[in-house]
Each structure stands twice: as C-alpha cells, then as structure tokens.
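Basis for what follows: all heavy atoms, side chains included, without hydrogens, waters or symmetry-related copies. Note that this is a predicted model, so its numbers are computed, not measured.
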Amino acid sequence: MPTLRYVAFLADEPKKLAEFYQRFLGTEELGESAGGDVSVTHGFYNLTFFKKRAELGEMRMDLGLHHIGLEVDDLEVIKGRYLALNPRGMILQEPNDIHHGEIRIHDPECLPVSLSTKAFGIAKNKEKQFPRIRHIAYNALDPEMMLRFYTQVFGMREVPSSYLRRQQGRGNRFCADGTTNLAIHPFYNPIEGHEARFGINHIGFLTNTMQATMAELSSVLKIAPRPSTRPYSEFRFRDLEGNALDLSQNKGWEVDIDKWEKAS
C-alpha cells in the first residue's frame, strides 16, 4: 500500500526550524538546497522546510504546513486511479531530489500531494523508535470527498473512529495506511479545541518520554493539554513558526483497522 512519508512546510527560516526539530524531536538533517530549503528525518518521514520565495511557484504561499507526500510502488498505477477519479486532474513533474517527490497530483481541495518511488530519500528500516510521526490532520470543506480520494487513489482504509463519527452525525473522517493516522476534519466545526486552519492543520508525534520532552519544551514555549473528549494525543504545542504539533504517549493513534499505536 502507498505510505505517507513526507510533510512539506513553507518557512521564513528553514534552518532554525530544522534545528528546533532536531533539538526537541530527535530528527537528523538530510540535506540543504542552494535556495535555503532544509530536509530532516526521524528515519521514516522526510520533513522539508522550504524557504518561502516566489520561485517556488506554489498556488498557496501561506507560511506553515503546506503539503504531504506518499511513497508508492508504481507511479503509473496511481496515475490511473487518480485520473479515474478526476479525469481532468493535473499531473506535474517534481525535481526528484532530497526535498521533493517525482510527481505531484492534487487532492479534491487543490492541495498538493507529492509521490515518490524512492521513499523521499530515506533508507528503509532506519526509523528511530521514538519520537516518530503517526498522525496528520486536515481541515477540509468536504471531508467525505477527501476520504474517497485517499481510499480510492491510495488504498488507505477508513478506520472505526470514522464510522463512530458517522453514527454520531459528525463530519470528521479518519483513514490510515498501517503506519499513520490521517484525520480529515470539517473546516467549519464548533467542537472544542478545533482550529480553523484550512489544509494541513497539524501533525502528531508519538513519544515514550513525555515528561522529559515536555520539560524541555516548556523551557522555551507553551504546551496545552488537548480536550479530554479527543480520542488522540494528550498535548499540543507550536514550533518556532507557529505550526501546530501534537504529542502523545498513552492515547496514541489508530493507524489501521482496530490497530492503535501507542508508546506506553
């Protein structure tokens, strides 16, 4: 199955962000471009901080979490599924370097999705035990259509948390690829703790040293508990440029049908 392995940010100061993630979340630098882009990894995900500049040519130039990417086995298969769902869908070439995938498509809300057959430059079976990304959350205008995109194009599976929301008459949808939980929340959502940021709202890290990590983070920023009604994560904080990051040890995330990954 295609696997989520890449998150891209637009940043004012990519180098400082990379140093933040290295210090507090244990990542290592993969490389830096001539334009100032920096990529880091915890051994499974490639996190790329693009220096915000006109040359990027992005439709959306807001600072912060920007788009995601998946490792796939066969680009042609994914192209076929994508065009079956969206016959007029754009397929664009990417540079296929440490900071990009090989091609780019767009989800139903025109947000980019990068695709790579080379794991975005990360060697397989090199993931550190902790901390590690296990959650990506979107705010969308049409969560149901977004869910259809990720299940039909990439074969991701809708998980029980999503069916529970259906029974409750709520628009939140959840799917997973066996490693990462992908949440798709309604943009217009009055529920406690919801933040109205369109596109990628936050990502979540699993840790087995919650108290130590929080103690170090608390020395430089504010950490807030998540509402007790939320099924995932215990705390939320923000990096140096305001990107929302969740932290979990005991709750964890539902990463497949009836499969929860926790650190405790």
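Side-chain contact of Thr207 with Gln249: a donor-acceptor pair under 3.5 Å is absent, judged by distance alone. For the residue pair Thr48 / Ser39, a side-chain donor-acceptor distance below 3.5 Å is found, with atom types taken as modelled. For the 3.5 Å distance criterion, the side chains of Thr117 and Glu102 qualify, holding a donor opposite an acceptor.
The aromatic rings of Tyr232 and Trp253 sit tilted, their planes meeting at an angle between 30° and 60°. Below 30°, between 30° and 60°, or above 60°: for Tyr6 and His67 the angle between ring planes is between 30° and 60°, a tilted geometry. The aromatic rings of Phe50 and His100 sit tilted relative to each other, their planes meeting at an angle between 30° and 60°. Using a 30° and 60° split on the angle between ring planes, Phe24 and Phe20 fall in the tilted class, from 30° to 60°.
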### Query
Run the ring pair (Phe, Tyr, Trp, His ring centres under 6.0 Å) check on Tyr138 and Phe187 step by step: do they pass?
CA-CA 8 Å; Tyr138 275 87; Phe187 177 81; over 10 Å; no
### Query
Given the rule in the side-chain contact (heavy atoms from CB on, under 4.5 Å) test, do His66 and Arg60 qualify, once you have shown the distances and angles that lead to the verdict?
CA-CA 8 Å; His66 192 267; Arg60 294 175 57 244; 4.2 Å; yes
### Query
Step by step, would you call Ser248 with Glu234 a side-chain contact (heavy atoms from CB on, under 4.5 Å)?
CA-CA 5 Å; Ser248 184; Glu234 292 95 284; 2.6 Å; yes
### Message
Using side-chain contact (heavy atoms from CB on, under 4.5 Å), reason through Leu17 and Val38 one step at a time and then give a plain yes or no.
### Response
CA-CA 9 Å; Leu17 268 186; Val38 183; over 6 Å; no
### Task
Run the numbers on Thr41 and Thr27 for side-chain contact (heavy atoms from CB on, under 4.5 Å), then give the verdict.
CA-CA 5 Å; Thr41 186; Thr27 62; 6.0 Å; no
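Salt bridge present: Lys79 and Glu76 bring a charged side-chain N and a carboxylate O closer than 4.0 Å. The pair Lys51-Glu32 does not meet the salt-bridge criterion, since no charged nitrogen lies less than 4.0 angstrom from a carboxylate oxygen. Classification of Arg23 and Glu216 as a salt-bridged pair holds, one side-chain N sitting under 4.0 Å from a carboxylate O. Glu261 has a carboxylate O that lies under 4.0 Å from a charged side-chain N of Arg132, or vice versa, which qualifies the two as a salt bridge.
Linking Ile, Leu, Val, Met, Phe, Trp and Tyr whenever their side-chain heavy atoms come within less than 4.5 Å leaves Ile200 and Met61 in two separate clusters. Linking Ile, Leu, Val, Met, Phe, Trp and Tyr residues whenever their side-chain heavy atoms come within less than 4.5 Å leaves Leu47 and Leu10 in two separate clusters. Clustering ILVMFWY residues whenever any of their side-chain heavy atoms sit less than 4.5 angstrom apart, transitively, puts Leu164 in a cluster other than the one holding Met146. Leu245 and Leu63 are not part of a single hydrophobic cluster, where members link through side-chain heavy atoms under 4.5 Å apart. Hydrophobic cluster membership is shared by Phe9 and Leu221, with clusters built from Ile, Leu, Val, Met, Phe, Trp and Tyr side chains linked at under 4.5 angstrom.
Contacts of Arg53 classified as salt bridge (charged side-chain N to carboxylate O under 4.0 Å, His left out), with partners at least two apart in sequence or in another chain: Asp37. A search for salt bridge (charged side-chain N to carboxylate O under 4.0 Å, His left out) contacts involving Arg173 returns Glu144, not counting sequence neighbours. Arg165 is linked by a salt bridge (charged side-chain N to carboxylate O under 4.0 Å, His left out) to nothing, counting only residues two or more places apart in sequence or in another chain.
The nearest pair of heavy atoms linking Pro186 to Gly171 is CG-C, 3.7 Å. Leu115 and Ile78 make their closest contact through CD1-CG2, 3.6 Å (heavy atoms, listed as atom of the first residue, atom of the second, distance). Nearest approach of Ala244 to Arg236, heavy atoms of both residues: CB-CD, 4.0 Å. Taking each heavy atom of Asn139 and Phe198 in turn, the nearest pair found is O-CD1, 3.6 Å. The two residues Gly252 and Leu206 make their nearest non-hydrogen contact at CA-CD1, 4.0 Å.
With values rounded to the nearest 0.5 angstrom, Leu147 atom CG is found 11.5 Å from Asn172 atom CG. Atom CD in Glu109 sits 9.5 Å away from atom CE in Met145 (nearest 0.5 Å). The distance from atom CZ of Phe154 to atom OG1 of Thr3, rounded to the nearest 0.5 Å, is 11.0 Å. If you take CG on Leu75 and CG on Asp73, they are separated by 10.0 Å, rounding to the nearest 0.5 Å. We find the CE-OG1 distance between Met156 and Thr180 to be 7.5 Å, quoted to the nearest 0.5 Å. Remark: Asp256 CG to Thr179 OG1 distance equals 8.5 Å, nearest 0.5 Å.
For the pair Lys15 (side chain) and Gly36 (backbone), a donor-acceptor distance under 3.5 Å is absent. Side-chain atoms of Asp74 come within 3.5 Å of backbone atoms of Val77 as a donor-acceptor pair (strictly under, hydrogens ignored). In this structure, Glu94 contributes its side chain and Gly101 its backbone to a donor-acceptor pair below 3.5 Å. Under a 3.5 Å cut-off, the side chain of Asp246 and the backbone N or O of His202 do not form any donor-acceptor pair. For His42 (side chain) and Leu25 (main-chain N/O), no donor-acceptor pair under 3.5 Å exists by modelled atom type. Asn46 places a side-chain N or O within 3.5 Å of a backbone atom of Phe120 that can act as its donor or acceptor partner. Between the side chain of Arg5 and the main chain of Gly69, no donor-acceptor pair closer than 3.5 Å is present. Under the 3.5 Å distance criterion, the side-chain polar atoms of Thr151 are left unmatched by any main-chain donor or acceptor of Gly155. Although no hydrogens or angles enter the test, the distance criterion places no donor-acceptor pair under 3.5 Å between the side chain of Glu254 and the main chain of Asn181. Glu241 places a side-chain N or O within 3.5 Å of a backbone atom of Asp12 that can act as its donor or acceptor partner.
Ring centroid separation for the pair Tyr21 and Phe49 comes in under the 6.0 Å cut-off. In summary, the aromatic rings of His185 and Phe174 are positioned with their centroids under 6.0 Å apart. The six-membered or imidazole ring of Phe205 lies away from that of Phe130, with a centre-to-centre distance of 6.0 Å or more.
Sparse packing is recorded around CE of Met90, with 12 or fewer heavy atoms of other residues, nucleotides or ligands lying under 6.0 Å away. Within 6.0 Å of atom CD in Gln168, more than 12 heavy atoms from other residues, nucleotides or ligands are found, so the atom counts as buried in its surroundings. Around the CG atom of Asn250, the shell of radius 6.0 Å holds more than 12 heavy atoms that belong to other residues, nucleotides or ligands.
Side-chain contact between Met59 and Cys110 is present, with at least one heavy-atom pair separated by less than 4.5 Å. With contacts defined as side-chain heavy-atom distances shorter than 4.5 Å, the pair Lys259/Arg157 does not qualify. Two residues are said to be in side-chain contact when any heavy atoms from C-beta on lie closer than 4.5 Å; Tyr45 and Ile136 meet this criterion. Counting heavy atoms from C-beta on, the side chains of Leu83 and Ile91 come closer than 4.5 Å. Within the 4.5 Å cutoff, no side-chain heavy atoms of Val159 are placed close to those of Trp260. For the pair Pro160 and Asp258, the minimum side-chain heavy-atom distance is below 4.5 Å. Counting heavy atoms from C-beta outward, Tyr82 and His106 have side chains that approach closer than 4.5 Å.
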